[in-house]
Protein chains: 2
Amino acid sequence: MDRPADDLTARARIRDAAMKLFTERGIEGASIRDIAAEAGVSSGLVRHHFGSKQALREACDRYAKERMLQIGEELVYQGGAAQTDVSAMHPITMPLQTYLVRSMMDGSETATALFLEMVDAGEEFTKTLPTDPSDRRAYAAVLAAMKMGVFVLRDQVSKAIGEDIAGPSGYARLTKAMLDIFTIPVMTPEQAEQLRKYSEEH
Amino acid sequence: MDRPADDLTARARIRDAAMKLFTERGIEGASIRDIAAEAGVSSGLVRHHFGSKQALREACDRYAKERMLQIGEELVYQGGAAQTDVSAMHPITMPLQTYLVRSMMDGSETATALFLEMVDAGEEFTKTLPTDPSDRRAYAAVLAAMKMGVFVLRDQVSKAIGEDIAGPSGYARLTKAMLDIFTIPVMTPEQAEQLRKYSEEH
DNA sequence: GTCTTGACTACACGATCGTGTAGTAATTTG
DNA sequence: CAAATTACTACACGATCGTGTAGTCAAGAC
């Protein structure tokens, strides 16, 4: 993961460059020539290895999904906090999640499938909650979307707190804040009831 | 807002079409010709009214931001749940928020400025919480990112719960789930402590 | 040795992009 | 009324897009 770029095969370097630029500029915004330049190869080699831009994108989708699942298994094996999907809060999954959300927004089936699997796992998790949510499915879906949604606004959150959330210090603050949000109720039941009644009227 | 498209001026129709396509396909993914076709005008008219694609985008940013603030003021005036920014949870702001997040991801200063204002307001709000978060700024930033982030995964959340969250029924479930998440602690303090210790080790 | 195969580059293609220009129809102004 | 401004369209431009084709080069198979 942190080996110098020279140690990676050209195919891997192209894939990494594609994920980086797809994340930063969107799928349409990153051209094959840009990706090739980022990887230090010719644009023809991108086509040689992946066939088409769409196929390159799907290869990135599959790789990101596999890495996410793989990291999740490793973390469970290491025994760190089994109940919740810890992989979703591990720093090295941040670029993967950011990419996956970008790809989801542009209609990736692979990334959407991973999201639905996360919702399934989250729905099971709701059974361990102290208070049952009335709509387990919606609760799990919104929670999953919230957790992943944070990463698409990485630059904005970084700007708001004054340091990059990809760095050690910023990521620690991010994690702590997420834990606070998930531990401290944001609203009192009275406030929630007020909002609930209001939303039912409109 | 729900008047037929014929009642709107061409300029407004172009802006609405641009926001729709920018949201659906990303900034790069939506061409001026696409936008013109969606609005039912020639591509030249888009240029006539807005000058360039970049200027069109900035006009959309300003409009979305103004509408958000305007709706927020109206809701406060109507007296619905004053403490929290209710506009962020009102159905008619959903497309606006979705657009703003898309634009933020592609580096919009206007949209980012609105986000920072939301974080400022949220930071004030933390003072009313029953338990103080240790890092108000990070707490408010992450909470704002979570609330907005849900909307970028609108299609995925809709797929997960089996109905469109833009519809009345789906939106009610979405709202209820968000309220549950903000009311019921997702983790017990023990679980949070376990994760906190784990994340400090890595 | 030759032969084959896969990694890799150079280059040309049609399509589409944002933009520029020229001109026409409609509306407003005096 | 005429004049001027605005709304709007048609069309051509250079650049860049994804893709296709042809060919070079190195490494292993026989």
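Reckoned from all heavy atoms, side chains included, excluding hydrogens, waters and symmetry mates. Each chain gets a letter, A, B and so on, in the order the sequences are listed, and its residues count up from 1. A quick note: this is a predicted structure, and the numbers were derived from the prediction, not measured.
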Checklist entry - For H49(A), what residues pass the side-chain contact (heavy atoms from CB on, under 4.5 Å) criterion, not counting sequence neighbours? => result R11(A), I14(A), L45(A)
Checklist outcome for this item: Going 5' to 3' through nucleotides 7-13 of chain C and flagging B where a protein heavy-atom sits under 4.0 Å of the base, S where only the sugar-phosphate is that close, and - otherwise, we get BBB--B-
Checklist outcome for this item: E28(A) meets the side-chain contact (heavy atoms from CB on, under 4.5 Å) criterion, sequence neighbours left out, with E28(B)
Checklist entry - Looking at the side chain of I32(B), which of dC17(D), dC17(C), dT19(C) is the nearest nucleotide? => result dT19(C)
Checklist outcome for this item: Here the salt bridge (Lys or Arg N to Asp or Glu O under 4.0 Å) pairs for residues 87-104 of chain A, sequence neighbours left out, are R102(A)-D106(B)
Item to check | Nearest-angstrom distance from the residue atom CZ of R25(A) to P of dC17(D) | outcome: 10 Å
Next on the checklist: Output the rounded distance in Å from CZ (F22(A)) to C1' (dC17(D)).
Outcome noted: 13 Å
Next on the checklist: Just the rounded figure in Å: distance from C1' of dT19(D) to CD1 of I35(A).
Outcome noted: 14 Å
Checklist entry - Rounded to the nearest Å, what distance is computed from the CD atom of residue E28(A) to the C1' atom of nucleotide dC17(C)? => result 11 Å
Checklist entry - Which residues pass the side-chain contact (heavy atoms from CB on, under 4.5 Å) test with S31(A), sequence neighbours left out? => result R33(A), D34(A)
Item to check | Gap between atoms CG and P, on D34(B) and dA15(C) respectively (whole Å) | outcome: 17 Å
Checklist entry - According to the salt bridge (Lys or Arg N to Asp or Glu O under 4.0 Å) rule, which pairs have a member within residues 111-122 of chain B, sequence neighbours left out? => result K65(B)-E117(B), D120(B)-R137(B)
Next on the checklist: In this structure, how many angstroms lie between the P atom of dA7(D) and the CD1 atom of I14(B), rounded?
Outcome noted: 11 Å
Next on the checklist: Please report the distance, rounded to the nearest Å, between CD in Q54(B) and P in dT19(C).
Outcome noted: 9 Å
Item to check | Within 45° cone of F22(A) ring axis and under 6.0 Å: R57(A) NZ or CZ | outcome: no
Checklist outcome for this item: Between NZ of K53(B) and P of dT16(D) the distance, given in whole Å, is 15 Å
